[in-house]
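To start, the structure under review is shown below, and the notes come after it.
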4 protein chains.
Amino acid sequence: MDKQTQILATALKLFVRFGFHGTPTARIAEEAGVANGTLFHYYKTKDELVVGLYNSIRDEFSAAIAKTIHADDFMAVRFKKMFVTSVHWALDNRDKYFYLQQFQLSPHVHQIPPEKLKEQISIQSQLITDAIHKRLLIQQPPELVLNLYNGQVMAVYQYLTSFELEEDEQRRLIHSVYELMWEMLKYNG
Amino acid sequence: MDKQTQILATALKLFVRFGFHGTPTARIAEEAGVANGTLFHYYKTKDELVVGLYNSIRDEFSAAIAKTIHADDFMAVRFKKMFVTSVHWALDNRDKYFYLQQFQLSPHVHQIPPEKLKEQISIQSQLITDAIHKRLLIQQPPELVLNLYNGQVMAVYQYLTSFELEEDEQRRLIHSVYELMWEMLKYNG
Amino acid sequence: MDKQTQILATALKLFVRFGFHGTPTARIAEEAGVANGTLFHYYKTKDELVVGLYNSIRDEFSAAIAKTIHADDFMAVRFKKMFVTSVHWALDNRDKYFYLQQFQLSPHVHQIPPEKLKEQISIQSQLITDAIHKRLLIQQPPELVLNLYNGQVMAVYQYLTSFELEEDEQRRLIHSVYELMWEMLKYNG
Amino acid sequence: MDKQTQILATALKLFVRFGFHGTPTARIAEEAGVANGTLFHYYKTKDELVVGLYNSIRDEFSAAIAKTIHADDFMAVRFKKMFVTSVHWALDNRDKYFYLQQFQLSPHVHQIPPEKLKEQISIQSQLITDAIHKRLLIQQPPELVLNLYNGQVMAVYQYLTSFELEEDEQRRLIHSVYELMWEMLKYNG
DNA sequence: TATGAATGAGGTTTCATTCAT
DNA sequence: AATGAATGAAACCTCATTCAT
């Protein structure tokens, strides 16, 4: 792992555990095994690191979703895959998923231009918008449906991180919740 | 408004806008119109202020819900009232609702003992647990159902703060979403 | 001496000896017998201290000149008094006079608005302008005459700080140079 | 222009504009179009660059004066040529002349041995010393006369950089000031 | 109860300098 | 000769907290 990657990984670990403020850059550098100045060689300011880390994780998350959605799948299949993949990715990358939420509730979000924010959720909002137009999902504003969808992902994630279940039970629960959500959001003429 | 109340109100405003770290105690004092040292008469440390503010808001939120739920209502009515009240309270107290979320994702949560955390959500978890036992809601773990429920509250809140609707449309949308959620969570033997 | 005065005095001493960059704020604080933070309580930045020090010295210098010039003196007398006082003040306040020059050649000057700069030399430029109008001094631009005048003050100052003379010799030399300058600048039909 | 020359030229430009401290070596390298490390191939330390730049400029200045003074000129002619050449050189090389003054008021001067400092002004002090001995200039210490002389050069320079005059007016003004100075410094039995 | 000057530990950031390539 | 990533000492500055009034 090169130094920049090492810095990002360490920053993530510490930010999640101690918060942005709670983790001095000196500590990040130290635990990353680089000199203090090296961190500032890659990121001009601590803020830039915080934002850069968010962007890199957000991209990774989008890529993970994109990879499982195939253009030739039925739309309903894609919707389900998106949900399942999201939850699994969140569980496999707890720190990262937690960081995404933490960041979005912090004042740092304002440092990301609105267009970029929109673009970052474009996979999800695109799929949902399409599904609404094709009368697969309820006829409500896409933004609302996206929020409701995300609320469910977070809910399962939180539940599954509070109560560690067996691999199998986990999988079953995710599918149960998906079915529930589907009942809620599917188009019903 | 007495000085302590003024401090709390100012702290809330600034914490939400600039984050915990982004708001020095000196600034809180200044904007609250009190001297720097006065703040430390009421709260021994800044942390104590942060936590104290959370507790006071959380209590206020619980009280708002409790007030609308009457013991003689049917359980289904109580469930609906809880949802509607929560959303309305969140919309009427945006900073406060935002602060609750911000706080819960910060390392400060760990300063509140788990029992107290549980107690703070007892109204909601109690009602949901009861409803599950009485086979009014789906037969799933109460914690999961509570998470799913909360996810919906947050979703509507977020949507309604992004797109300002007319009073009336707002009310209608909240009820629509409630119906959706109800379809999802209601018991269906 | 109160803390702020102590800080200014110490800053002057160190700036002259080691330059702006060569003297850390920590050292100023230490030698001034105050805490590091106290310095920043009075001056928000190091730059502000540098500029504040300049302004305070420049005011002191102007005041020293103003004090010796009496409105009822003949203009020629006032001109001579100004010269003699300036040189003596410079010799009695070497660090301060040196600092004025050092500052004026540094990029910090640009932090002082031009009007303020003009105002700071108003006693000297006013007197010289008047003397030119009254045909006491050569008919050249006041700014040029002021520069020539200042050049002489600096020249004597530098000479007298390089070669320490007896009190009496010093006085005599200052008067000799004044006579020379007067021959050079006096109006001659 | 080779890299070393490029470095010197860039350093001069930046030092004059932002001061020694205000210009990081990294910036010099960047604007000179060389790599950071390259600068340190030519100058072991930043101080060495600062001092080296001074010496090179000071030599250039002396050479400019030396070139216009011919051994067979009358001494009075040489004195006048020295003055006029100095002012013109200063105006043609403003950054360089400014740098000379800036450097002499900085703590860096102490890095140049006194003999070298004396040697650097030897052309001027030699000529003035001779002129005093030959009873061409006033019977005052050569160091004082040199200072008075220099004060006049600086005064004209400063005036002419503040108020841009036509080529012709400039020339005339320089000569006027020379005449004034000559009246002041010439021997008068 | 209220003040605000004073503190000093600790944070972020800068930057001259090194060195492997 | 030339590079530029990497270093780490040290600078500036912030800010929670104290305390005499």
Side-chain angles (χ1 to χ4, degrees), chain A residues 2-4 6-7 20-30 32-50, chain B residues 2-4 6-7 20-30 32-50, chain C residues 2-4 6-7 20-30 32-50, chain D residues 2-4 6-7 20-30 32-50:
Chain A
D2 71 349
K3 297 196 187 246
Q4 185 168 12
Q6 190 58 42
I7 289 168
F20 303 120
H21 172 49
T23 64
T25 54
R27 183 156 184 208
I28 298 172
E30 191 193 8
V34 303
N36 205 305
T38 304
L39 189 153
F40 288 92
H41 182 69
Y42 289 105
Y43 301 93
K44 274 203 285 294
T45 62
K46 187 183 184 181
D47 267 24
E48 210 170 88
L49 168 61
V50 169
Chain B
D2 71 347
K3 297 195 187 242
Q4 183 167 15
Q6 191 59 43
I7 289 169
F20 303 118
H21 172 51
T23 64
T25 53
R27 183 155 183 209
I28 298 172
E30 191 194 11
V34 303
N36 206 313
T38 305
L39 191 153
F40 288 88
H41 261 289
Y42 293 105
Y43 302 94
K44 269 204 294 294
T45 65
K46 188 184 186 181
D47 268 21
E48 209 170 89
L49 169 61
V50 169
Chain C
D2 70 349
K3 298 196 186 243
Q4 185 168 12
Q6 191 58 41
I7 289 169
F20 302 119
H21 172 50
T23 64
T25 55
R27 183 155 182 207
I28 298 173
E30 191 193 9
V34 303
N36 207 302
T38 305
L39 191 153
F40 288 94
H41 182 69
Y42 288 106
Y43 301 94
K44 272 202 287 291
T45 63
K46 188 184 185 181
D47 266 25
E48 209 169 89
L49 169 62
V50 169
Chain D
D2 71 347
K3 297 198 187 241
Q4 185 168 13
Q6 191 58 43
I7 289 170
F20 303 119
H21 172 50
T23 63
T25 54
R27 182 155 183 208
I28 298 173
E30 190 194 10
V34 304
N36 206 313
T38 305
L39 191 151
F40 288 90
H41 262 287
Y42 292 104
Y43 302 93
K44 267 205 294 293
T45 65
K46 187 185 186 181
D47 267 22
E48 209 169 89
L49 169 62
V50 169

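Just so we're on the same page: letters track the sequence lines, and every chain starts at 1. These figures come from a predicted structure and were not determined experimentally.
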Nucleotide [N], atom [atom2] - distance to [atom1] of [X] in whole Å:
X	N	atom1	atom2	answer
I28(C)	dA11(F)	CD1	C1'	12 Å
L39(D)	dA2(F)	CG	P	12 Å
L49(A)	dT13(E)	CG	P	10 Å
D47(B)	dC15(F)	CG	P	15 Å
H21(A)	dG11(E)	NE2	C1'	9 Å
I7(D)	dA2(F)	CD1	P	8 Å
E30(B)	dT3(E)	CD	P	13 Å
Y43(A)	dG11(E)	OH	P	21 Å

Could you run down the sub-3.5 Å N/O contacts of the protein with nucleotides 19-21 of chain F?
none

Run the side chain to side chain donor-acceptor pair (under 3.5 Å) test against Q4(D) and tell me which residues pass, sequence neighbours left out.
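Here the qualifying residues are Y43(D).
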
Just compare [options] and give me whichever is closest to any side-chain atom of [X].
X	options	answer
T45(A)	dT17(E), dC13(F), dT13(E)	dT13(E)
N36(B)	dT17(F), dG8(F), dA5(F)	dT17(F)
T38(D)	dG8(E), dT17(E), dT3(F)	dT3(F)
K46(D)	dT3(F), dA16(E), dG4(E)	dA16(E)
K3(C)	dT17(E), dA1(F), dT7(E)	dT7(E)

Report the residue (A35(A) or F20(C)) whose heavy-atom-nearest nucleotide on DNA chain F is the more 5′ of the two.
A35(A)

Here's a test of your reading of the structure: between P24(C) and T23(B), which maps to the more 5' nucleotide of DNA chain F?
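Nearest nucleotide further toward 5': that of P24(C).
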
For a 4.5 angstrom cut-off between non-hydrogen side-chain atoms, does I28(B) reach L49(B)?
yes

At their closest point, which heavy atom of [X] faces which heavy atom of [Y], and how far apart are they?
X	Y	value
T25(C)	L39(C)	O-CD1, 3.8 Å
I7(C)	A32(C)	CA-CB, 4.1 Å
A29(A)	N36(A)	CB-CA, 3.8 Å
E48(A)	Y42(A)	OE1-O, 4.4 Å
T23(A)	K46(A)	O-NZ, 3.0 Å
G22(C)	P24(C)	O-CD, 3.5 Å

Could you list the residues that satisfy ring-ring contact (aromatic ring centres under 6.0 Å, His included) with H41(D), not counting sequence neighbours?
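Result, ring-ring contact (aromatic ring centres under 6.0 Å, His included) vs H41(D): none returned.
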
Test of understanding: with side-chain contact (heavy atoms from CB on, under 4.5 Å), list the residues that count as partners of E30(B), not counting sequence neighbours.
none

Would one find a side-chain N or O of T25(D) under 4.0 angstrom from OP1 or OP2 of dC15(E)?
no

Taking OP1 and OP2 of dA2(E), is either one under 4.0 Å from a side-chain nitrogen or oxygen of Y42(B)?
yes

With both pairing distances under 3.5 angstrom for Watson-Crick or G-U wobble, and | for a partner in another strand, the correct string for DNA chain F is .||||||||||||||||||||

